[in-house]
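Report on the following structure.
The basis for the numbers below is simple: all heavy atoms, side chains too, and nothing from hydrogens, waters or symmetry mates. Lettering of chains follows the sequences in order, A, B, ..., and the numbering in each one begins at 1. Every value quoted in this text rests on a predicted model; they were computed, and no experiment measured them.
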Amino acid sequence: MGQHYNPGLMTDGSRDELERRSRHDPAAVEPALFQRWESAGLFDADPKSPKPPFVIAVPPPNVTGELHMGHALNGAIQDALIRLRKMQGYETLWICGTDHAGIATQNVIEKELRKEGLTRYDLGREAFVERVWEWCRQYGAAIIQQYKRLGCSLDYSHERFTMDPEYQRAVTEVFVSLYRKGLLYRDNRIVNWCPSCASAISDLEVQHQEETDVLFEVRYPVKDSDEVLTVATVRPETILADTAVAVHPDDLRYLHLVGKTAIVPIVNREVPIIADDYVKPEFGSGAVKITPGHDPNDFEIGRRHGLPELTVIGFDGRMNDEAGEFAGLTVEEARRRVVERLRELGLLVAEKPYVHEVGHCDRSGDRIEPLISLQWFCEMRPLAEPAVEAVRSGRVRFHPKSQENTYFNWMEQYRPWCVSRQLWWGHQIPVWYCPNGHVTVDTTEPERCAECGSTELERDPDVLDTWFSSALWPFATLGWPEPNERLERFYPGHVLSTAREIINLWVSRMIMMGLEFQGEVPFEDVIIHSIIQAADGRRMSKSLGTGINPLELVDEYGADATRYGLLKMSSTQDVRFSDGMIDEGQRLANKLWNASRLVLLKGDTTVAPAPGTAALEDRWVASRVAGATDEIVRLINRYDFAGAVKALYAFIWNDVCDVYVEAAKARLYGEDEKERREASATLLWVLERMLAVAHPVMPFITEEIWGFMPGERDLLMATPFPSIEGVQRDPQLERRAEEAMAAISEARRLAGEGQEVEVTIPPGFLFRSLLEKEKRVQVVESPDAAVPIVAAQADRATLEARLTVVRSELQRARGKLSNDGFLSRAPAELIDAEREKASRFEAEAADLESRLSA
RNA sequence: GGGCGGUUAGCUCAGCUGGUAGAGCACCUGCUUUACACGCAGGGGGUCGCAGGUUCGAGCCCUGCACCGCCCACCA
């Protein structure tokens with residue numbers, strides 16, 4: 001830190017470079033600037049630093065991932081925060097790393113194998129896992145390099161991976177601890193089975209999509225009777241696994257049948273007719289077939305009524321031996337054949353199109369097959385309750401706050417979390433079984449069974465849900481469970497920024513695990529940023545071809561412009577991508593570059609940067625610097641990045657460049673040496689401030705220009721954020737400036753129409769030099785004038801048109817002032833303003849009338 | 001089915017605790033001004049989704065409706 005790279009006053013080399021480049025060229029300089037920061041060690045956090053810590057843990061991207069728009073936006077947000085806090089004097093740490101992403105990564109490698117004509121079973125578990133590691137070492141974490149291109153100040157020297165040995169230790173520790181508390185248990189339950197992943201997945205990994213299926217109505221004969229029950233199903237193949245027919249207990253139509261026996265078609269199984277509240281009498285015929293083995297609802301009913309749980313569909317998505325003549329068929333084939341048979345038997349009553357929501361695996365897109373299997377579950381209630389409380393009490397705050405509903409909605413259901421996955425890539429469950437059916441759970445591999453001492457132990461082959469390990473991210477990345485100073489210093493963190501789709505999947509679980517294992521919430525503020533859609537409003541996705549690669553934007557516009565544009569787009573819930581925003585960023589960067597060229601090439605760079613106190617315009621710009629700095633920091637503190645970026649733009653472009661710099665030119669190019677020095681000093685000071693305030697958003701160009709500034713300086717990234725204490729704010733002066741600018745605009749408009757304009761300015765008019773530049777504008781200073789007065793030599797038609805406008809304005813103001821309600825309830829200032837308006841219009845109308853009659 | 005959010009200028013979006021609608025882009029008209037044409041100055045363009053209500057006053061508050069998006073959800 002504190003590395004000086006600028007030898008002193010601006011060198012001739014810098015001068016030449018500034019003169020040569022009237023356009024800023026980001027691609028040429030950004031990588032080198034990044035290098036400077038990196039070699040100066042500015043990304044490392046020092047646990048021994050006396051500064052207060054500020055910590056963000058990056059949502060770890062998938063190790064196989066590529067930087068997409070969401071990453072880029074989130075990177076821009078987090079980096080703006082980290083850089084601002086660093087400049088504000090915090091010891092900042094932006095935790096860096098990647099996620100092993102069990103299913104997703106395993107799928108990538110399996111796909112590779114398939115190209116070689118192999119499956120993972122050909123390799124065997126050990127070799128397969130080694131192959132995944134090999135892949136990760138060779139191609140993995142490319143995304144981390146891409147974050148560098150964006151300029152993100154992550155702590156690259158402590159990059160973590162959720163499969164690191166230390167991280168694995170943390171996961172094991174957590175598993176064992178939760179098991180010993182009785183929160184993890186193994187059970188045979190119905191789970192969401194993804195046939196192509198060949199694994200169970202949790203409820204949250206199921207995506208519901210609307211699909212049109214056929215609803216079949218099928219007759220089930222009632223034994224020893226002429227009656228039949230008609231049931232409806234979209235999955236006729238599961239008829240083979242039916243173990244009951246259910247009706248509602250209050251349904252008078254079927255009351256007499258409850259307790260009797262129905263005959264399942266095709267298999268001719270005799271099953272009980274039961275009564276259960278779950279059945280909706282108004283749906284279809286009011287009778288339901290019950291298949292505990294293949295439907296989550298039926299499973300619950302089955303457990304309530306002690307029904308057998310038959311399974312006809314296997315884990316491979318094909319019909320198993322229980323399906324008799326249908327064994328070996330795929331589900332779809334079986335469905336067709338079963339329907340055929342029903343038709344032959346004359347038991348098929350109807351086939352209707354039926355639109356409903358169907359679960360799909362969020363990784364493979366396959367339709368979920370609900371199947372009964374032996375899995376590990378996590379009991380949520382004891383973990384979720386304190387986590388809910390943490391948000392209710394405000395220890396964790398969501399931004400925007402409305403997103404807390406998403407969190408509460410899910411959390412308060414306390415549904416068991418299926419944590420085991422039938423994969424090979426991931427954290428293998430630390431559980432060993434002996435032949436006597438005993439279970440040994442330990443952080444290290446046991447030599448013998450904890451109960452019977454048997455040495456014939458077999459480890460549970462399953463791995464844990466990826467989200468189980470990422471739930472530990474905020475502290476496992478800091479070396480937990482090993483006590484150490486980084487953990488001590490940098491937990492808990494402060495901010496988490498992510499998209500809303502993983503609030504329940506990830507954010508909620510980090511809060512739970514943080515509270516459970518550290519006793520403290522992992523962060524205080526959760527920023528839920530917008531999702532950037534494609535320009536046509538569709539989801540940005542590779543497969544739809546609607547994706548835009550942020551790295552291409554960086555190449556084309558530069559990282560600064562891209563970051564600016566993304567932050568500008570980050571405001572609302574969902575935004576459509578518009579390259580206009582990035583364009584705006586590019587233009588702003590260029591503006592900054594050229595304004596700097598003016599200050600550094602045309603000004604006197606031997607003077608010390610300082611705001612002038614003599615000239616009104618210098619005092620005004622100082623006031624604006626203080627105001628804008630304050631406003632921008634305030635907006636970032638509220639996580640309103642779009643607002644902050646907008647304020648930054650207005651400050652740089654309008655206040656500084658359009659108004660101040662233009663006005664200062666008169667002194668800069670004038671004869672008076674003293675004025676020239678004063679203007680230069682103020683310009684340098686403004687530039688310095690402007691660069692610092694813009695740095696969190698546009699780190700590269702600000703750092704580059706900083707390098708051209710005279711004097712010995714640290715890198716801008718390591719420079720303290722400029723304090724506005726001691727900088728005079730002057731609201732009255734700012735108001736007068738607005739008034740002056742309005743008068744100038746008016747004069748310009750009239751002069752533009754070809755009229756001769758006379759502007760009477762009061763003493764202390766701010767931007768006289770701007771007026772004096774204008775053609776056809778005559779400036780008259782009058783000690784009597786209270787406000788600038790713009791008068792023009794106008795033709796009759798112009799005067800008449802203006803009179804019409806003024807009269808209607810006057811009428812409106814008068815109407816308001818004669819409204820009792822307004823006078824009695826409106827605030828006093830408003831009424832005063834209205835009175836003032838009325839009298840001004842009155843005077844103008846009189847003036848116009850007299851000129852017209854003359 | 002439940003919840004959340006959106007509907008403001010041709011486009012992308014701002015609009016704080018209710019006080020006569022804003023920005024950028026695009027468009028039109030002038031500027032070969034010595035930082036910048038990725039520029040400067042000026043201008044046109046909106047009955048703020050629809051219908052009611054509260055209020056002296058509503059884009060902002062209330063009710064209902066329509067459409068869009070997202071999250072959650074076990075109705076065969």
Practice problem: Might you point out which heavy atoms bring A:Ile701 and A:Asp560 nearest each other, and give the distance in Å? | Solution: N-OD2, 2.7 Å
Check: [N] base within 3.5 Å donor-acceptor of [X] side chain:
X        : N     : answer
A:Glu357 : B:A73 : yes
A:Glu662 : B:A35 : yes
A:Lys665 : B:A35 : yes

Integer angstrom distance from the [atom1] of [N] to that of [M]:
N     : M     : atom1 : value
B:G39 : B:U33 : C1'   : 11 Å
B:G49 : B:G59 : P     : 10 Å
B:U8  : B:C13 : C1'   : 10 Å
B:C74 : B:G18 : C1'   : 45 Å
B:A9  : B:G15 : P     : 15 Å

Self-check item: A:Arg597 and A:Asn594 side chains, donor-acceptor separation under 3.5 Å
Solution: yes
Quiz item: Looking at A:Glu300 and A:Arg303, does any basic side-chain N land under 4.0 Å from a carboxylate oxygen?
Solution: no
Quiz item: Charged N to carboxylate O below 4.0 Å: is that the case for A:Arg749 and A:Glu746?
Solution: yes
Closest to the [X] side chain, choosing from [options]:
X        : options             : result
A:Asn819 : B:A35, B:C56, B:C13 : B:C56
A:Gln413 : B:G22, B:A73, B:A41 : B:A73
A:Ser578 : B:G3, B:C72, B:U12  : B:U12
A:Asn504 : B:C72, B:U12, B:C74 : B:C72
A:Asn409 : B:G3, B:C38, B:A41  : B:G3
A:Arg23  : B:C56, B:C38, B:A35 : B:C38
A:Gln586 : B:A76, B:C70, B:C38 : B:C38
A:Lys602 : B:U34, B:C75, B:G5  : B:U34
A:Asp658 : B:A35, B:G5, B:C40  : B:C40
A:Lys280 : B:G3, B:C75, B:C13  : B:C75

Classify [X] by what it touches in the nucleic acid, base, sugar-phosphate, or nothing, heavy-atom distance under 4.0 Å.
X        : result
A:Tyr354 : sugar-phosphate
A:His208 : base
A:Leu204 : sugar-phosphate
A:Arg415 : sugar-phosphate
A:Arg749 : sugar-phosphate

Quiz item: 5'-most contact on RNA chain B: A:Asp820 or A:Asn590, nearest heavy atom basis?
Solution: A:Asn590
Quiz prompt | Whichever of A:His24 and A:Gln207 has its nearest RNA chain B nucleotide further upstream toward 5' | solution = A:His24
Exercise. Rounded to the nearest angstrom, tell me the gap between atom CG in A:Asp295 and atom P in B:A73.
Key: 16 Å
Exercise. Would you tell me if any nitrogen or oxygen in the side chain of A:Tyr407 comes within less than 4.0 Å of OP1 or OP2 on B:C4?
Key: no
Exercise. On the 0 to 90° scale, with breaks at 30° and 60°, tag the A:Tyr639-A:Phe641 ring pair as parallel, tilted or perpendicular.
Key: tilted
Exercise. Measure up the A:Tyr649 and A:Tyr564 rings against each other and bin them: parallel (under 30°), tilted (30 to 60°), perpendicular (over 60°).
Key: tilted
